[in-house]
2 protein chains.
Amino acid sequence: MKTPNDEKWTNKKISRRDLLKYTGIGAAGVAIGTSGLGGVMKAMGYDVFEPFADNNIANKVNFYGNHQSGITTPVQTNIYFASLDVLFSSKEELQELLQLWTPLVVRLMNGELMVNSSTNTRIPTGDTGEAEGLGASNLSITIGVGPSLFEKLGMEHLKPAELKDLPHFPKDQLQKEFTGGDLCIQACADDPQVAFHAVRNLVRAASGKVAIKWSQAGFNSFPVDGGTPRNLFSFKDGTVNPSITDEEDLNKVVWVDKGWLKGGTYLVVRKIQMHLETWDRTSLKDQEATFGRYRDSGAPFGKTKEFDDFDVEVKDSNGEYIMPDTSHVHLARKSGARMLRRSYSYASGVMSNTGVHDAGLIFISFQKDPLQFTTVQNSLGRMDKMNEYITHRGSAVFACFPGVQKGSYLGEALFKAL
Amino acid sequence: MKTPNDEKWTNKKISRRDLLKYTGIGAAGVAIGTSGLGGVMKAMGYDVFEPFADNNIANKVNFYGNHQSGITTPVQTNIYFASLDVLFSSKEELQELLQLWTPLVVRLMNGELMVNSSTNTRIPTGDTGEAEGLGASNLSITIGVGPSLFEKLGMEHLKPAELKDLPHFPKDQLQKEFTGGDLCIQACADDPQVAFHAVRNLVRAASGKVAIKWSQAGFNSFPVDGGTPRNLFSFKDGTVNPSITDEEDLNKVVWVDKGWLKGGTYLVVRKIQMHLETWDRTSLKDQEATFGRYRDSGAPFGKTKEFDDFDVEVKDSNGEYIMPDTSHVHLARKSGARMLRRSYSYASGVMSNTGVHDAGLIFISFQKDPLQFTTVQNSLGRMDKMNEYITHRGSAVFACFPGVQKGSYLGEALFKAL
């Protein structure tokens with residue numbers, strides 16, 4: 001395996017005064033000022049550091065390409081999703097941040113340390129280290145910008161018309177501690193510590209520049225024999241999705257085809273609490289009527305196999321819809337809108353006031369226009385039988401940058417459009 | 001693979017009146033009364049149901065044996081730990097609960113459904129189903145009883161003298177929503193959904209009998225090349241542990257050797273928040289001095305390899321301790337007390353008031369007397385340099401029953417001692 005030039009870090013002469021200036025670290029290695037570790041790394045040349053080449057690394061997702069990773073990447077077992085607030089107010093600082101992050105994201109996805117180890121133990125380590133030895137673990141990192149960012153940085157004229165807070169939906173009970181954000185980092189990996197490490201270190205590298213507004217860990221458990229994972233209601237989740245290899249269809253559903261976001265997409269995230277105790281007291285018949293699918297097979301009502309196509313308008317001999325018109329799948333399909341879902345379950349203990357499970361779904365969908373999500377959600381509306389069993393607790397929407405070519409950086413098209 | 005006799009469930013004639021009596025389910029499959037699903041299953045004969053034989057099942061941990069699983073079982077990747085309150089007040093109900101749970105635990109550890117599928121879709125399913133297809137995943141389940149249980153059930157005379165709430169330690173900031181409990185279920189597995197499913201279903205089977213007081217999911221990430229996992233401070237955690245195969249040593253450290261708890265052990269659980277932001281601003285030198293070990297190798301100060309033995313009293317030529325006397329490892333070793341640690345990391349988003357990581361360690365240790373834990377903790381006391389970086393938020397202690405032989409049930413010795 002190729003290794004980067006270790007000398008860059010270890011042999012670079014840094015005077016003690018420089019070190020103090022860069023880091024704000026006293027003799028005992030105390031606080032880093034608001035200039036942040038990102039500043040340290042940048043001052044030491046790390047933002048121009050050439051990451052490893054894209055080869056000979058096991059279980060590695062490619063960073064470079066037409067689109068960011070973590071969208072059409074095969075779903076991993078773990079997510080750590082973070083919504084961030086920016087602590088700066090200029091476009092230039094956003095650009096610096098994205099230029100800082102780009103090579104670091106590459107290194108993280110390569111399973112490398114954020115920076116090479118230093119022999120100087122009197123400064124904080126450049127990488128927090130807990131992912132050492134865990135490999136690349138198919139880490140994908142997806143970066144997006146929220147509607148609030150554009151106003152903060154005085155660049156409303158570049159905010160796409162599609163990028164705005166989602167409307168209030170009838171059953172929403174959103175909590176502000178799980179809602180909104182200026183930036184997002186979606187880190188998915190086949191290891192929870194690798195996903196967490198990625199977010200922790202990107203935020204740390206931008207210390208003083210960003211703060212986590214809210215974050216959530218999640219998981220997907222894949223059947224031993226393969227197939228669609230089940231959510232905590234035990235139904236297969238994600239059956240109706242565009243194929244992640246059908247570029248033509250993805251162009252229709254997922255990828256934005258205009259402006260600086262061309263090749264990017266919109267991410268909608270919803271923290272949906274699932275009322276497991278209520279669900280678990282419900283008959284299988286009612287559970288299945290709630291989805292419009294059979295639990296065991298995942299097949300739509302009236303069919304036998306998970307991926308069988310279906311027509312929600314078909315009725316039985318009594319004139320009743322075969323797939324009930326209050327079912328989740330009926331209403332979602334009837335909306336006519338499509339999106340690429342990429343959700344994860346969460347189980348965060350119990351609600352301290354009631355003792356019921358604080359568990360559910362980090363619903364994530366990608367679409368070329370958030371209106372696709374809104375259309376489905378409006379179709380579900382007050383009719384959806386699922387409403388009895390779930391509560392939407394959090395919500396955010398982000399424009400995820402297009403992919404990056406070597407030599408470029410995340411969001412470059414945005415800054416070219418300025 | 002052998003299968004249980006499906007006819008028992010599907011062919012058993014149950015009148016509609018019986019069904020309503022057992023379940024409290026109305027026409028639409030609504031609420032189960034306080035008799036609970038456990039009651040249903042019991043009425044239908046499931047508590048006498050013979051679980052699968054212990055063979056031909058992949059990635060399976062044995063339930064039967066001298067000791068419960070999840071103690072000397074090789075550490076899995078995931079935990080779901082639940083502390084429960086009992087909603088009953090008689091010893092007989094506790095006995096019924098443990099008799100109900102025993103075969104269900106066996107089935108869960110076999111990777112089987114809690115009960116066989118029913119063809120009756122008008123009742124809630126006997127198993128919530130989200131672990132279907134996920135296999136046994138090395139699930140271990142460890143059941144214990146807390147000090148508060150004995151008073152509640154009027155059996156203080158059987159409470160071992162060792163089983164009592166831990167004393168207050170100097171730096172404790174315990175929150176009642178993460179502290180105490182009448183019973184515990186420790187579910188560990190190589191899949192998060194399998195661990196969660198086990199707790200969810202055991203609690204559901206005991207609906208109306210127990211309620212979750214607090215619970216916490218956690219993970220361990222194992223290096224690709226094997227070895228000790230790193231905690232979120234990036235230090236290897238669990239290096240100094242008795243060998244899980246050295247019965248003689250385990251008899252000294254872990255297994256209780258008297259009374260109804262003979263062959264059992266005491267579980268201490270501490271929810272320890274780790275202040276990652278503070279840690280990440282600390283120099284490597286100070287981090288290592290905090291542990292008394294080198295981060296990369298895990299070796300104790302003055303040594304080169306993780307498992308090298310060390311003498312905390314050794315000093316250098318200047319008369320200074322080689323392993324600082326304020327270091328975690330120095331103070332822990334100096335206490336002279338030992339225990340079997342089996343901890344997991346957690347990352348539960350951010351604290352909504354401060355935005356710092358709500359992450360840390362679900363510290364779990366097993367010992368033949370909780371005094372072993374208390375001795376170490378008192379030795380750490382106010383001296384431990386680690387105190388700057390951690391806060392203990394939760395705490396509980398449980399007496400974990402001895403192992404179960406076929407034909408017996410969890411806690412039988414306790415009831416024989418009544």
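It should be emphasised that the depicted structure is a prediction, and the values quoted were computed from it without experimental measurement. Quick note on labels: first sequence line is chain A, next is B, and so on, each numbered from 1.
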Partner chain A: residue of B:Ser215, B:Gly227, B:Ser348 with the largest heavy-atom pair count (under 4.5 Å): B:Ser215
What heavy-atom pair brings A:Glu177 and B:Ser352 nearest, and what distance separates the two atoms? CB-CB, 4.1 Å
Answer with side chain, backbone, both or neither: which region of B:Asp358 has an atom nearer than 4.5 Å to a non-hydrogen atom of chain A? neither
Measuring from B:Phe233:CZ to A:Glu130:CD, what's the distance to the nearest 0.5 Å? 11.0 Å
Out of B:Phe219, B:Trp279, B:Tyr346, B:Phe235, return the one with the most heavy atom pairs under 4.5 angstrom to chain A. B:Phe219
Determine the interplanar angle of the A:His357 and B:Tyr80 rings, folded into 0 to 90°, and report it as parallel if under 30°, tilted if 30 to 60°, perpendicular if over 60°. tilted
Heavy-atom closest contact (B:Leu276 atom, A:Phe196 atom, distance): CD1-CZ, 3.6 Å
Grab the two heavy atoms, one from B:Ala217 and one from A:Ala347, that are nearest each other, plus how far apart they are. CB-O, 3.8 Å
Side chains of B:Gln193 and A:Leu232 in contact at under 4.5 Å (non-hydrogen atoms): yes
A:Lys285, A:Met351, A:Arg230: which one forms the most heavy-atom pairs within less than 4.5 Å of chain B? A:Lys285
Residue B:Ala359 versus chain A: region with a heavy atom under 4.5 Å: side chain
Under 4.5 Å, counting heavy-atom pairs only, tell me which of A:Val224, A:Asn220, A:Asn78 racks up the most with chain B. A:Val224
Looking only at A:Gly355, A:Pro192, A:Gly135, the option with the highest number of non-hydrogen pairs under 4.5 Å against chain B is A:Pro192
Given a strict heavy-atom distance threshold of 4.5 Å, which part of B:Lys213 is in contact with chain A: side chain, backbone, both, or neither? backbone
Rounded to the nearest 0.5 Å, how far apart are CG of A:Leu134 and CG of B:Asp225? 10.5 Å
Say whether A:Thr125 and B:Arg295, considering side chains only, have a donor N or O and an acceptor N or O under 3.5 Å apart. yes
Distance (rounded to the nearest 0.5 Å) between A:Asp280 CG and B:Asp127 CG: 9.5 Å
Is it the side chain or the backbone of A:Ala211 that comes within 4.5 Å of chain B heavy atoms, both, or neither? neither
So which residue, B:Thr77, B:Val199, B:Ile212, ends up with the most heavy-atom pairs under 4.5 Å with chain A? B:Ile212
By a 4.5 Å heavy-atom criterion (distance strictly below it), what part of A:Ser345 contacts chain B: side chain, backbone, both, or neither? side chain
Pick whichever of B:Glu288, B:Glu277, B:Arg200 has the most heavy-atom pairs under 4.5 Å with chain A. B:Arg200
Between CZ on residue B:Arg122 and CG on residue A:Leu284, distance to nearest 0.5 Å: 11.5 Å
When you compare the side chain of B:Asp296 with that of A:Glu132, does any pair of heavy atoms fall below 4.5 Å? yes
For A:Asp85, is it the side chain, the backbone, both or neither that has a heavy atom under 4.5 Å from a heavy atom of chain B? neither
Restricting to non-hydrogen atoms, name the atom on B:Ser221 and the atom on A:Asp191 that form the minimum distance, rounded to 0.1 Å. OG-OD1, 2.7 Å
Between A:Gly129 and B:Ser234, which heavy-atom pair has the shortest distance, and what is it? C-OG, 3.2 Å
Which bit of A:His197 is near chain B, if near means a heavy-atom gap under 4.5 Å: side chain, backbone, both or neither? neither
